[in-house]
Amino acid sequence: MFSKEIEFCAHEDYFAIKEDYPIPAKLNIPEWYKKLDHNVLNKTIKGCMPFLDTLTSGYLLKMPQDLHIRHNVDNKNEKGEIFKDSFQTFGLHGQTQILHAKYINLNSGIDTHPTKQVEGSPFIENNKNLPFYKILNPWTIKTPKGYSCLFVPPLNNADDRFSIISGIVDTDTFPNEINFPIIINGDKYPILETTIKKGTPYVQIIPFKRDSWKMMVKSRKQKEIQNSRLFYGLKLLNVYKEKYWNKKLWK
């Protein structure tokens, strides 16, 4: 039934830390969604299969350690000079800390990109014109030949303090770890001092097959539109789920 496999690989010592393993996205459905009631008299988004698919498709990476952020806050360095942001990793101790530093290149837990790399983009304003920090990911990701991965913030379930910059990687050929630049949600948090806890899901990974596509634009006759909407317009509870939706399997 499961004809395709996605591989997550890490150093053998880090591999022993099972709580850091990637997980299927379906294991992180938000509590507010679970509590919704969906019935004929009270239709809610819980009956919307396209929304459910966003929550359950693919896999999630989790923060490998606590990340403390002081963003757009006045800080002083050892010379007494004021600067505007600070990212620190903590919360790991002893052998775990050594593993992150030695094998995963997480001595600081982060790396940076200067703002000029995205000059003119809306990212800069949201990030308050500060450098873009990059979470260093300890996992390499391997997909079958011809398959790439889409990397996005957890769909309809993202942390409202920050998000990664989305990207696509040809994970069937790329052999190294993929790291993730992040943007602080400056519209909501112009000043932010917080800790992103270890284990927080921050990247959703959706594998897909690379195909070549050609766009076509066509017209439809009014009668054709009416016929296609006839069944869908009936007052049924789960029309899309029962007639059109295809179940997706992720393990």
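Everything numeric in this text was worked out from a predicted model, so none of it was measured.
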* To do: Apply side-chain contact (heavy atoms from CB on, under 4.5 Å) to Asp159 and list each qualifying residue two or more places apart in sequence or on a separate chain.
  => Arg161, Phe162, Thr200
* Measure the shortest side-chain to side-chain distance between Thr195 and Ile69 over non-hydrogen atoms and say whether it is less than 4.5 angstrom. => no
* Asked: With a cut-off of 6.0 Å (strictly less than), are more than 12 heavy atoms of other residues, nucleotides or ligands near CZ of Phe15?
  -> no
* By side-chain contact (heavy atoms from CB on, under 4.5 Å), which residues pair with Lys128, not counting sequence neighbours? -> His71, Asn72, Leu130, Pro190
* **Side-chain heavy-atom pair Ser166, Pro153 within 4.5 angstrom cut-off** => yes
* Asked: Side chains of Leu155 and Ile206: does their closest heavy-atom pair fall under 4.5 Å?
  -> yes
* Asked: Side chain of Gln204, backbone of Gly58: donor and acceptor closer than 3.5 Å?
  -> no
* Taking atom CD of Glu19 as the centre, does the number of heavy atoms from other residues, nucleotides or ligands within less than 6.0 Å exceed 12? -> yes
* To do: Sequence neighbours left out, what passes salt bridge (Lys or Arg N to Asp or Glu O under 4.0 Å) with Lys34? Give chain and number order.
  => Glu31
* Do NZ/NE/NH1/NH2 and the carboxylate oxygens of Asp172 and Lys145 come within less than 4.0 Å? -> no
* To do: Output all residues satisfying side chain to side chain donor-acceptor pair (under 3.5 Å) with Trp250, sequence neighbours left out; order by chain, then residue number.
  => none
* Structure fact -> Of all heavy-atom pairs linking Ala10 and Tyr14, the shortest is CB-CD2, 3.6 Å
* **Test item: Ile178 and Phe151 side chains (from C-beta on) under 4.5 Å apart, heavy atoms** => yes
* Is the side chain of Lys62 donor-acceptor paired with the backbone N or O of Tyr21 at a distance under 3.5 Å, no angle test? -> yes
* Counterpart residues, side chain to side chain donor-acceptor pair (under 3.5 Å), relative to Asp53 (two or more places apart) -> Trp245, Lys248
* Measure from the side-chain N and O atoms of Thr140 to the backbone N and O of Cys9, and report whether any donor-acceptor pair falls under 3.5 Å. => yes
* To do: List in chain and number order the residues that pass side chain to side chain donor-acceptor pair (under 3.5 Å) with Lys251, two or more places apart in sequence or in another chain; answer none if no residue qualifies.
  => none
* **Residues which pass side chain to side chain donor-acceptor pair (under 3.5 Å) with Lys209, listed by chain and number, not counting sequence neighbours** => none
* **Partners meeting side-chain contact (heavy atoms from CB on, under 4.5 Å) with Asn42 (sequence neighbours left out)** => Asp37, Asn39, Thr44
* Residue pair Met63 / Ile135, side-chain heavy-atom distance below 4.5 Å -> yes
* Cluster partners of Met215, using ILVMFWY side-chain heavy atoms under 4.5 angstrom, listed by chain and number? -> Val217
* Asked: Side-chain contact, heavy-atom cut-off 4.5 Å: Cys149 with Phe208?
  -> no
* Return the minimal non-hydrogen interatomic distance between Pro24 and Tyr59, and the atom names on each side. => CA-CD2, 3.8 Å
* To do: Not counting sequence neighbours, which residues clear side-chain contact (heavy atoms from CB on, under 4.5 Å) with Ile45? List them please.
  => Trp32, Tyr33, Leu36, Cys48, Phe51
* Could you pull out all residues at least two apart from Asp160 that satisfy salt bridge (Lys or Arg N to Asp or Glu O under 4.0 Å)? => Lys188
* Output yes when a side-chain donor or acceptor of Asp66 lies under 3.5 Å from a complementary backbone atom of Lys198, and no otherwise. => yes
* Is there side-chain contact between Leu61 and Ile23, with at least one heavy-atom pair below 4.5 Å? -> no
* Asked: Taking side chain as C-beta onward, heavy atoms only, is Leu60 less than 4.5 Å from Ile205?
  -> no
* **Linked hydrophobic residues, Ile124 as query - side chain contacts closer than 4.5 Å** => Val118, Phe123, Phe132, Ile165, Ile183
* Asked: So, Asn137 side chain and Glu177 main chain: donor-acceptor pair closer than 3.5 Å or not?
  -> no
